[in-house]
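Hydrogens, waters and symmetry mates are skipped; everything else that's a heavy atom, side chains included, is used.
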2 protein chains.
Amino acid sequence: MEDEIIKYISNYTEVSPELETAIRQSGMIRQYPKGHFLLEAGQISIECFFVLKGCVRRFYIKDTEERTTDFYTEMQAIPGISKGTPNEYYLECLEDIIAAVGNPELESDMFQKFPILESFSRVIGESMMTTYVEEFSEFKMASPEERYLKLLESRPDLFQRVPLNQIASYLGIKPESLSRIRKRIMK
Amino acid sequence: MEDEIIKYISNYTEVSPELETAIRQSGMIRQYPKGHFLLEAGQISIECFFVLKGCVRRFYIKDTEERTTDFYTEMQAIPGISKGTPNEYYLECLEDIIAAVGNPELESDMFQKFPILESFSRVIGESMMTTYVEEFSEFKMASPEERYLKLLESRPDLFQRVPLNQIASYLGIKPESLSRIRKRIMK
DNA sequence: CTTCTTTCTTGACTAAAGTCAAGGGTTGCT
DNA sequence: AGCAACCCTTGACTTTAGTCAAGAAAGAAG
């Protein structure tokens, strides 16, 4: 599984043999069973994750109702830095998960030994940021129906892995509305 | 104006005299008049901006209509890295602007001379990311009315600087709806 | 001050999402 | 097999946003 990470990193920057060894020995790779919570509301997040296998759901609880705001699947990073304040959200493993886990100590240690890794981190972060800003813009501009169609196109796998009521929430609507949108489109 | 940037950076990390000199001499600070476009759709973005004074609006054009998706004001960064593909959005100065402008060459030059600056960049980027993810989540979970009330609280200055129809768009609704929401709340 | 333009509000109507309640389907458990 | 839990859909009704059109209000320009 370390292979996956190294392959991913080498898409962006040269990975020296020393760095590769360090990554393999860092013990970043972890496994979690379906149903496990990587994080619960009230806790302070100190770890961040990079999903290698499986699907993780981020959700809040608003008025006793779960509100799903993100799904993280293969090759996606879960931004996990809170600024010392407790989180208000949950990270739930919807499937058995394999992930690379980072924490501040490990990171600063690795960044010091391998500055290129910090550079990589910054570049990846900027690119994620750009993607996220785009997504947010598109979400604002689109109707619920358009959002549904876009998701069908961009992440069809989600519809095989995740219940529709969580997808509805992710689209910012109620399950009944999603059901009617689907019916409307079917005709 | 360079003072502002240095002050901002030193909130996060030590700024050595050498770094301070380098920043002051880098010529990053620029001014733009109200009405100027920092970026237009179709162009490829290579610069990124940090607003020191004024308000910049980001908008798309969808079905011949302008759709505002962000306002950037004092001490906010405008993420500007596109991956070689032309942008689909505009960056318009709603007021006279003073901004720090970065470009890849200057950045990699500075990062090489002052690695701490790249570290700062990564940390700031991560924190922006976290903020942005939170905002997106809240947007998804809130009704238009709740979004309006939240914006009133979090960025009251916008209502003094920006026409309501652009704010409506920013909230993901039509100007008529915003008008009715305001009326509803007034009572 | 007058004119022109842009912005904001209102009204009447349509379309779509929210709410509440019920029923069918599936899955998983014992 | 039978029960329970969860998920998805439907129906009837309410609420709210979208649309189109018109007019009032506020700003900018001559």
Distance, rounded to the nearest Å, where [X] contributes [atom1] and [N] contributes [atom2]:
X: A/Asn165; N: D/dC7; atom1: CG; atom2: P; value: 5 Å
X: B/Glu145; N: D/dA17; atom1: CD; atom2: C1'; value: 12 Å
X: A/Lys183; N: C/dA16; atom1: NZ; atom2: C1'; value: 14 Å
X: B/Glu176; N: D/dA22; atom1: CD; atom2: P; value: 14 Å
X: A/Arg182; N: C/dA17; atom1: CZ; atom2: C1'; value: 17 Å
X: B/Leu178; N: D/dG18; atom1: CG; atom2: C1'; value: 14 Å
X: B/Lys34; N: D/dG27; atom1: NZ; atom2: C1'; value: 10 Å
X: B/Leu171; N: D/dG18; atom1: CG; atom2: P; value: 11 Å

Nearest 0.5 Å please: distance from the CG atom of B/Leu91 over to the CD1 atom of B/Ile97.
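Output value for this atom pair is 10.5 Å.
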So, taking the atom named CD in A/Glu92 and the one named NE2 in A/His36, what distance separates them when rounded to the nearest 0.5 Å?
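NE2 of A/His36 is found 10.5 Å from CD of A/Glu92.
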Looking at every strand, decide which applies to A/Arg180 at a 4.0 Å heavy-atom threshold: base, sugar-phosphate, or nothing.
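Base, at least one base heavy atom under 4.0 Å.
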Give one of base, sugar-phosphate or nothing for B/Pro144, where a contact means two heavy atoms less than 4.0 Å apart.
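Result for B/Pro144 = sugar-phosphate.
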Counting side-chain heavy atoms from C-beta on, which of [options] comes nearest to [X]?
X: B/Lys174; options: D/dT19, D/dA17, C/dT19; value: D/dT19
X: B/Ile181; options: D/dC8, C/dG18, D/dA17; value: D/dA17
X: B/Pro163; options: C/dC8, D/dT10, D/dA17; value: C/dC8
X: A/Leu164; options: D/dT19, D/dT9, C/dT9; value: D/dT9

Does the structure place the NZ or CZ of B/Arg147 under 6.0 Å from the centre of the six-membered ring of B/Phe139, at an angle of no more than 45° from the ring's axis?
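Verdict for B/Phe139: a cation-pi partner in B/Arg147.
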OP1 or OP2 of D/dT9 less than 4.0 angstrom from a side-chain nitrogen or oxygen of A/Ser179, does that happen here?
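Yes, A/Ser179 has a side-chain N/O under 4.0 Å of OP1/OP2 on D/dT9.
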Aromatic rings A/Tyr89 and A/Tyr60: how do their planes relate, parallel, tilted or perpendicular, breaks at 30° and 60°?
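Taking A/Tyr60 first and then A/Tyr89, their aromatic rings sit tilted (interplane angle of 30° to 60°).
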Between B/Phe50 and B/Tyr8, ring centroids under 6.0 Å
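Yes, they do, as the ring centres are separated by less than 6.0 Å.
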